[in-house]
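Everything below concerns the one structure shown next.
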There are 2 protein chains.
Amino acid sequence: MSGWVTIAGLGPGADALVTPEVTAALAEATDVVGYIPYVARVAPRDGLTLHATDNRVEVERASHALSMAAEGKRVVVVSSGDPGVFAMASAVFEAVENGEPTWRDLDIRVLPGISAMFAAAAQMGAPLGHDFCAINLSDNLKPWDLIEKRLRLASQAGFAMAFYNPRSKSRPHQFTRALEILREECGPNGLISFARAVSTPEQKIVTVTLGEATPEMADMRTVVIVGNPDTRRIGRYVYTPRRAE
Amino acid sequence: MSGWVTIAGLGPGADALVTPEVTAALAEATDVVGYIPYVARVAPRDGLTLHATDNRVEVERASHALSMAAEGKRVVVVSSGDPGVFAMASAVFEAVENGEPTWRDLDIRVLPGISAMFAAAAQMGAPLGHDFCAINLSDNLKPWDLIEKRLRLASQAGFAMAFYNPRSKSRPHQFTRALEILREECGPNGLISFARAVSTPEQKIVTVTLGEATPEMADMRTVVIVGNPDTRRIGRYVYTPRRAE
């Protein structure tokens, strides 16, 4: 049997959010590759080898998956959320572009998953119910100036916004700066929600105004959602109307 | 038993993309409410009443669902894709805000689904692998000028873009104008993909440059994805690198 690589989204954490398509791919795999906590979500079984690696080695991990597929193995690369959103799908194609020419002929598939931002939005109500954007706030792979520019342009466009990787120990000042920019552009009354560990037993969701928000409300397990000027609370829900002027 | 309303995302079309959480909610429902083709995806059974309505009556449909829940029924409002993305979740909260005060105390849940844009992106490779935005190109609920402004700001931000409702028979000229703006802002060499009926037997995906794109490539069943300046083809795949300068 010839090998393949499938990049599969496990969703944000709950088993009930894993699609049957992903479950079926895992059942056919000989090897599963991914970041340690995501591989830990795959049940061990005979005939399946689990390759759990540290974060920050995405392209090495992708190359390993492609090499094994070239040897005839059936490899699932696991991501949390959706693999196409700040996750392993782009890393695999980067590895294809820069790797062995024969890798371009491999059977590579991407299986979508429930993204952290949509799972978080669903728990809040419907804060992304109008035009929105998604920004990775980490400057590991792009300059911070570009992030600031995108925050300003997105605010001026009236987009709701979802932020991934808002804050890490190595760059705590940057999310402070992001909040300053949002207050400058959107004023203090806009709504901002912090959704941590969505769909897991540790889930915690807090919604405050931009004026009340503090950097400590976010960490690397948090997805942050900022409303547009029309976003409002109704009872315990936060939603953005479909209509805009 | 007390009633509830659950707004559930059925994903883009394939049964293998419906989450177990949504399947479980449908199994508990007494009533299913939604647009005709989405309700048609729910299997009839004893004890389940299917309420299929035309499009363009979202708030009436939402009010009907809330009324039935207030009477003790267990109501699932079905959306395709993710219900929080240009779909029924916001419409339900609009109906709550403007409807009976007692509706605010109802048990309302939103269950995320695989969005059309992420299912389309997965079929292409990883075109949304960097910062991106999602814009509804219909001017039913917002002025066209605002859409033009968002297209320009999103281009200037370097966002990849996903467009919903790109083109309808009643406003064929608007998508022509959107393509003009994208060519002005991004140049003729950027990649644009048209994904129709993703994950169904009628799926068709075409990728061309902005210079080659014509309005007829889109209709209301099409999700359009525009890359950022770094988006590229590698073999049969389209992907956007995680890195940016």
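The figures that follow rest on heavy atoms only: side chains count, while hydrogens, waters and symmetry mates do not. Everything quoted here is computed from the prediction, not taken from an experiment. Letters A, B, ... mirror the listed sequences (proteins, then strands); counts begin at 1.
In terms of heavy-atom pairs under 4.5 angstrom with chain B, the leader among A:Thr23, A:Val92, A:Ile234, A:Asn140 is A:Ile234. Most heavy-atom pairs under 4.5 Å with chain A, from the set B:Met161, B:Arg243, B:Glu58: that is B:Arg243. Options A:Glu21, A:Glu94, A:Arg104 differ in how many heavy-atom pairs under 4.5 Å they form with chain B, and the most are formed by A:Glu94. Counting heavy-atom pairs closer than 4.5 Å to chain B, the top residue among A:Gly158, A:Gly9, A:Ala154 is A:Gly158. Residue with the most contacts toward chain B among A:Ser115, A:Gly125, A:Ala89: A:Gly125 (heavy-atom pairs, distance under 4.5 Å). Chosen from B:Ile147, B:Ile114, B:Thr240, the residue pairing most often with chain A at heavy-atom distances under 4.5 Å is B:Ile114. Annotation: maximal heavy-atom pairing with chain B below 4.5 Å, among A:Gly84, A:Gly235, A:Ala244, occurs at A:Ala244. Between chain A and the options B:Ala16, B:Cys133, B:Ala126, the largest number of non-hydrogen pairs under 4.5 Å is found for B:Ala16.
Neither the backbone nor the side chain of A:Met88 comes within contact range of chain B, judged by heavy atoms closer than 4.5 Å. Both the backbone and the side chain of B:Ile108 come within contact range of chain A, each with at least one heavy atom under 4.5 Å from a heavy atom of that chain. Only the side chain of B:Tyr237 comes within contact range of chain A, with at least one heavy atom under 4.5 Å from a heavy atom of that chain. Contacts between A:Leu146 and chain B at a heavy-atom distance below 4.5 Å involve the side chain alone, from C-beta outward. With a 4.5 angstrom heavy-atom cutoff, B:Leu17 touches chain A via backbone and side-chain atoms both. Using a 4.5 Å cut-off between heavy atoms, A:Ile7 makes no contact with chain B at all. Proximity to chain A is limited to the backbone of B:Glu245, based on heavy atoms less than 4.5 angstrom apart. Neither the backbone nor the side chain of B:Ala121 comes within less than 4.5 Å of any heavy atom in chain A. Interface residue A:Arg236: only side-chain heavy atoms are found under 4.5 Å from chain B. Of the two parts of A:Ala24, neither the backbone nor the side chain holds a non-hydrogen atom closer than 4.5 Å to a non-hydrogen atom of chain B. Only the side chain of B:Asp82 comes within less than 4.5 Å of a heavy atom of chain A; its backbone N, CA, C and O stay farther away. Within the 4.5 angstrom heavy-atom criterion, only backbone atoms of B:Leu106 (N, CA, C, O) approach chain A. Looking at B:Arg232, the atoms closer than 4.5 Å to chain A (heavy atoms on both sides) all sit in the side chain, from C-beta outward.
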**OP:** List the steps and the verdict of side-chain contact (heavy atoms from CB on, under 4.5 Å) for B:Val18 and A:Thr19.
**Re:** CA-CA 6 Å; B:Val18 180; A:Thr19 66; over 6 Å; no

**OP:** I would like to know whether B:Tyr35 and B:Asp54 meet side-chain contact (heavy atoms from CB on, under 4.5 Å); could you show each step before the answer?
**Re:** CA-CA 6 Å; B:Tyr35 180 40; B:Asp54 195 5; 4.1 Å; yes

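What you find for A:Ile135 and A:Leu151 is that their closest heavy atoms are CD1-CD2, 4.2 Å. Nearest approach of B:Ala62 to B:Ala91, heavy atoms of both residues: CB-O, 3.7 Å. For A:Leu137 against A:Gln174, the heavy-atom pair with the smallest separation is O-OE1, 4.3 Å. Between A:Ala160 and A:Pro127, the shortest heavy-atom contact is CB-O, 3.8 Å.
For B:Phe132 and B:Phe159, the ring centers are positioned 6.0 Å apart or more. Aromatic ring centroids of A:Phe175 and A:Phe163 lie 6.0 Å or more apart.
A donor-acceptor contact closer than 3.5 angstrom links the side chains of B:Thr53 and B:Arg61. For the residue pair B:Glu97/A:Tyr239, the side-chain donor-acceptor check at 3.5 Å is satisfied.
Taking 4.5 Å as the limit, every side-chain heavy atom of B:Met117 sits out of range of all side-chain heavy atoms of B:Val198.
Crowding of B:Asp15 atom CG: a count of heavy atoms from other residues, nucleotides or ligands under 6.0 Å not exceeding 12.
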